[in-house]
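The chains referred to below are lettered A, B, ... by the order of the sequence lines, with proteins before strands, and numbering in each begins at 1.
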There are 2 protein chains.
Amino acid sequence: MILAELQRDATQPYAALAQIVGLSPGAVHERVRKLRERGVIVRTTVDVDPAAVGRGVLAYVLINAGAWMGGEETAEALEAIPSIEEAHVVAGAATLLVKVRTQTTEELQATLKKLFDVPGVTGTQTIVALETFFERPIDVVARPVRGTSKGAR
Amino acid sequence: MILAELQRDATQPYAALAQIVGLSPGAVHERVRKLRERGVIVRTTVDVDPAAVGRGVLAYVLINAGAWMGGEETAEALEAIPSIEEAHVVAGAATLLVKVRTQTTEELQATLKKLFDVPGVTGTQTIVALETFFERPIDVVARPVRGTSKGAR
DNA sequence: GATGAAAAGTCTAAAAA
DNA sequence: TTTTTAGACTTTTCATC
């Protein structure tokens, strides 16, 4: 509940959150402190409009590999490419999946070229997003949990 | 510069940002206010550890359609499924791409079942993430801009 | 854990340059 | 657009429940 509110607007004062959850501001402060301490809240950040900062082109790139690419060297090579926002090792026809944002399709092409320089990459398949319906925070609302006596915290 | 700092840590006082960018806190406040006003900063939020809130399973689902699915009804139907974090209309072999987070693979299966109830869906292809190398904020650092006399703001 | 209150720190707006 | 200033508001701590 507090988490969902903070996802929605992390600029709210503790007094506002306190009213929403029915606690004192001090108690909310303590709970949020613990959520940070435990690592449930990873960071407080601002969401930026991609188009406003020259990242209007979005694509997902499936990467095929001729060797195992789940190592730290691969992670570092991908992190060094600023237009890559996410990188995952995946199961399926491909080995890796990366999320790429660029200003233009030319820059997307340049990113693909860089990907081919990453050791092990043998091929890519690019899926270009034509329209984004939505991108939203992780759903943290307690759901019916089966097999446990406690609900999601 | 201010944007990148806020992405990294939006809890910093303006005085700290002011020192980093070499301005007075008042000037930083004014710049941030304008970034929000213009919609460059969409919102201030907290990033949550997916595993900590029962969302340890990550998958991307490519959706095939037997009809045009770029409409508002499709967007709403997908938004109604809480485990879907992103939804895009894409170019390529598939029609839509959605990012799904669930607690278990059973719940992932339940999400796929829900997807087949969305009008127009004729098939899906699921890519399960085995490991996430990184997920990070959009790169907002000014890059060499070709074709314009002004740099990225 | 939660409360309430005091102290420290920060935000915000406004005037002036 | 930036700086400075000052009052209002928030965060943070701490004693207490």
Side-chain angles (χ1 to χ4, degrees), chain A residues 1-55 137-145 148-153, chain B residues 1-55 137-145 148-153:
Chain A
M1 190 81 206
I2 290 178
L3 264 185
E5 271 303 315
L6 286 175
Q7 285 180 319
R8 198 178 63 72
D9 179 9
T11 66
Q12 294 178 88
Y14 289 127
L17 296 170
Q19 198 152 29
I20 292 168
V21 301
L23 285 174
S24 71
V28 172
H29 178 254
E30 180 62 11
R31 286 197 182 189
V32 173
R33 193 191 64 74
K34 283 178 184 165
L35 285 170
R36 286 189 213 278
E37 188 185 57
R38 286 185 211 147
V40 177
I41 293 176
V42 178
R43 70 168 139 195
T44 303
T45 187
V46 292
D47 284 354
V48 167
D49 175 21
V53 294
R55 297 277 178 202
I138 296 173
D139 175 55
V140 293
V141 176
R143 276 150 298 118
V145 176
T148 309
S149 60
K150 293 182 179 177
R153 273 171 282 189
Chain B
M1 189 86 205
I2 290 180
L3 264 185
E5 271 302 315
L6 285 175
Q7 285 179 318
R8 199 179 61 72
D9 180 8
T11 68
Q12 294 177 88
Y14 289 128
L17 296 171
Q19 197 149 30
I20 292 168
V21 300
L23 285 175
S24 70
V28 172
H29 178 254
E30 181 61 12
R31 286 196 183 189
V32 173
R33 193 191 64 72
K34 283 179 184 163
L35 286 170
R36 287 189 212 279
E37 189 185 57
R38 285 185 212 146
V40 177
I41 293 176
V42 176
R43 70 168 140 194
T44 303
T45 188
V46 292
D47 283 355
V48 167
D49 174 22
V53 295
R55 297 276 179 202
I138 296 172
D139 176 55
V140 294
V141 175
R143 275 152 298 120
V145 175
T148 309
S149 59
K150 292 183 180 179
R153 275 170 279 187

Next item on the list: Five pairs at each end of the helix from C:dG1-D:dC17 to C:dA17-D:dT1: take the axis at both ends and give me the angle between them to 10°.
Entry: 30°
Please tabulate, for the side chains in residues 20-37 of chain A, all donor-acceptor contacts under 3.5 angstrom to protein atoms that are two or more places apart in sequence or on a different chain.
| residue | atom | partner | partner atom | Å |
| --- | --- | --- | --- | --- |
| A:S24 | OG | A:A27 | N | 3.2 |
| A:E30 | OE1 | A:R33 | NE | 3.3 |
| A:E30 | OE2 | A:R33 | NH2 | 3.0 |
| A:R33 | NH1 | A:E37 | OE2 | 3.4 |
| A:R36 | NH1 | A:T44 | OG1 | 2.8 |

Note to self: With heavy atoms of chain A within less than 4.0 Å as the criterion, where does contact along DNA chain D begin and end?
What the structure shows: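 Contact span on the strand: D:dT10 to D:dT13.
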Check: Which nucleotide span of DNA chain C, 5' end to 3' end, has atoms closer than 4.0 Å to non-hydrogen atoms of chain A?
Finding: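 Here the contact window of chain A covers C:dG1 to C:dT3.
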Check: In residues 8-22 of chain A, what residues come within less than 4.0 Å of DNA chain C, judged by heavy atoms?
Finding: none
Next item on the list: Could you pull out all residues at least two apart from A:D49 that satisfy side chain to side chain donor-acceptor pair (under 3.5 Å)?
Entry: none
Next item on the list: Pick out which of A:V140, A:L6, A:V42, A:D139 makes a side-chain contact (heavy atoms from CB on, under 4.5 Å) with B:V48.
Entry: A:V140
Next item on the list: Drop me the distance from B:R43's CZ to A:R8's CZ, to the nearest 0.5 angstrom.
Entry: 9.5 Å
Checklist line | Point-to-point distance, once rounded to the nearest 0.5 Å, from CD of B:E5 to OG1 of A:T45 | finding: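 Here the interatomic distance stands at 11.0 Å.
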Item checked: Shortest non-hydrogen separation from A:R55 to B:I138 and the atoms involved ->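 Between these two residues, the closest heavy atoms are CG-CG2, 3.6 Å.
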Notebook entry, point to check: Which part of the nucleic acid does A:R33 contact within heavy-atom distance under 4.0 Å: base, sugar-phosphate only, or nothing?
Noted result: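 Here A:R33 touches no strand at all.
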